[in-house]
Asker: 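Take this structure first; my questions come after.
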There are 2 protein chains.
Amino acid sequence: MAIQNHELKKAGLKVTLPRVKILQMFELTDGGHLSAEDIYKALQDSGEDVGLATVYRVLTQFEAANLIRKHNFDGNHAIYELASEEHHDHMVNVQTGDVIEFVDPVIEERQHQIAAEHGYEIVEHSLVLYVKAKS
Amino acid sequence: MAIQNHELKKAGLKVTLPRVKILQMFELTDGGHLSAEDIYKALQDSGEDVGLATVYRVLTQFEAANLIRKHNFDGNHAIYELASEEHHDHMVNVQTGDVIEFVDPVIEERQHQIAAEHGYEIVEHSLVLYVKAKS
DNA sequence: TTTACTGCAAACTGTTTGCAGTAAA
DNA sequence: TTTACTGCAAACAGTTTGCAGTAAA
């Protein structure tokens, strides 16, 4: 039994084909930034008969279980990625759609300072750089 | 004739009631961060008979004319604000929905450096801190 | 055998579009 | 008078939900 199955059980989820396949997909996909449609189509292509509604349900459950995280890089559709322990931000190549991850301690630090200066504490944050190849 | 009318004409847009009212609304609303629904409802409340589709069309045109900017703070609905000359980022109070603007030169600087380090240049960026009152 | 999970189709939300009528220039 | 603009209703994309059947435990 693979590692993923433990994760599913730990989250109180039955080990079913759609869940295992979707979890694998995040691990095997280069970059690991996928939309519900991406996953649905890939499952279809590999001959699995999984409904789009199930994909959405599984993604929602995975997110609730902190297995994955959800991002809204544009207003149209959500992108999911495996929840890594360490936080990171994203760069989206607007020409190719590629997503690059990065972390910058200086920025992280400043963010907390700024929130504090206004009397707040950060619950969460989202930093996305939309970039293109240098011209 | 008010200032706004010049702005509309400059953008090649006829000076119509919906457009004037909506532009005013951004200027008069405290904070000036509004969704299409916000605007639609406020117009209704003030007795103006403007359709929701028109609100969306006007917002799209205003954005194209660089009069306003569009943000996706959550995945559900877009928020618009008057386009100020100087760029700024946003803090969203998750408890109240309030939007606070801020600028930080250190963060701005680091962002460009990071993009450059990866061989990119920044087209645009989005930084949102989701905050709550300090506990 | 029990209960969670699934696929399907229908519902929903935010947004866009076609069209015939209306108003700005 | 010409042409852009508007309201309405219908269409759309992404996502969610009710339900009867299916499979994991």
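Bear in mind that the values here come from a model prediction, so they are computed numbers and not experimental data. Naming convention: chains lettered A, B, ... in sequence-line order (proteins, then strands); numbering from 1 in each chain.
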Asker: Which pair of heavy atoms, one from A:Phe73 and one from A:Tyr130, lies closest together, and at what distance?
Answerer: O-OH, 2.5 Å
Asker: Nearest whole angstrom, please: distance from the C1' of D:dG14 to the CG of A:Leu34.
Answerer: 17 Å
Asker: What is the separation between atom NE2 on B:His71 and atom P on C:dT15, rounded to the nearest whole Å?
Answerer: 14 Å
Asker: Please report the closest heavy-atom contact between B:Met91 and A:Tyr120, naming both atoms and the distance.
Answerer: SD-CD1, 4.0 Å
Asker: Checking side chain to side chain donor-acceptor pair (under 3.5 Å) between B:Glu81 and each of B:His88, B:Lys70, B:Arg69, which is the one that passes?
Answerer: B:His88
Asker: When you measure from the side chain of A:Lys14, which nucleotide among C:dC5, C:dT15, D:dT17 comes out closest?
Answerer: C:dC5
Asker: In this structure, how many angstroms lie between the C1' atom of C:dC5 and the CD1 atom of A:Ile22, rounded?
Answerer: 12 Å
Asker: If I take atom CD in residue A:Glu48 and atom C1' in nucleotide D:dA23, what distance separates them, rounded to the nearest angstrom?
Answerer: 15 Å
Asker: If you check the A:Arg19 side chain, which of C:dC5, D:dT16, C:dA25 turns out closest?
Answerer: C:dC5
Asker: Which residue, B:Val50 or A:Glu37, contacts DNA chain D at a nucleotide closer to its 5' end, judged by nearest heavy atom?
Answerer: B:Val50
Asker: Send over the distance from A:Asp38 CG to D:dG14 P, rounded to a whole Å.
Answerer: 11 Å
Asker: Nearest to the A:Thr16 side chain among D:dC8, D:dA4, C:dT6, which nucleotide is it?
Answerer: C:dT6
Asker: Could A:Glu48 and A:Lys21 be called an ion pair, given the rule that one side-chain N must be under 4.0 Å from one carboxylate O?
Answerer: yes
Asker: Could you please name the partner base of D:dA9, counting Watson-Crick and G-U wobble pairs only when both distances are under 3.5 Å?
Answerer: C:dT17
Asker: In whole angstroms, how far is the C1' atom of C:dG14 from the CG atom of A:Asn76?
Answerer: 11 Å
Asker: Considering only side-chain heavy atoms of B:Lys9, which listed nucleotide, C:dA25, D:dT15, C:dT6, is closest?
Answerer: C:dA25
Asker: Name the closest nucleotide to the A:Arg57 side chain, picking from D:dA25, D:dG7, C:dT6.
Answerer: C:dT6
Asker: Measure CD/A:Gln61 against P/D:dT15 and give the value in whole Å, please.
Answerer: 16 Å
Asker: Expressed as a whole number of angstroms, how long is the span from B:Leu23:CG to D:dC5:P?
Answerer: 15 Å
Asker: Tell me which nucleotide, if any, is Watson-Crick or G-U wobble paired with C:dT1 when both distances must be under 3.5 Å.
Answerer: D:dA25
Asker: Test side chain to side chain contact (heavy atoms under 4.5 Å, CB included) on A:Asn66 and A:Glu63; report intermediate values, then the result.
Answerer: CA-CA 5 Å; A:Asn66 276 309; A:Glu63 199 201 355; over 6 Å; no
Asker: Where the side chain of B:Tyr56 is concerned, which of C:dA25, C:dT15, D:dC5 is the nearest nucleotide?
Answerer: C:dT15
Asker: Tell me what B:Leu52 touches on the nucleic acid: a base, only sugar-phosphate, or nothing, going by heavy atoms under 4.0 Å.
Answerer: base
Asker: So if I apply the ring-ring contact (aromatic ring centres under 6.0 Å, His included) rule between A:His33 and each of A:His71, A:His90, A:His77, which one comes out positive?
Answerer: A:His90
Asker: When you measure from the side chain of B:His77, which nucleotide among C:dT15, D:dT15, D:dG7 comes out closest?
Answerer: C:dT15
Asker: Identify, between B:Leu13 and B:Ala78, the residue whose nearest nucleotide on DNA chain C lies closer to the 5' end.
Answerer: B:Ala78
Asker: For A:Asn72 and B:Tyr40, find the nucleotide of DNA chain D closest to each by heavy atoms; which residue's nucleotide sits nearer the 5' end?
Answerer: B:Tyr40
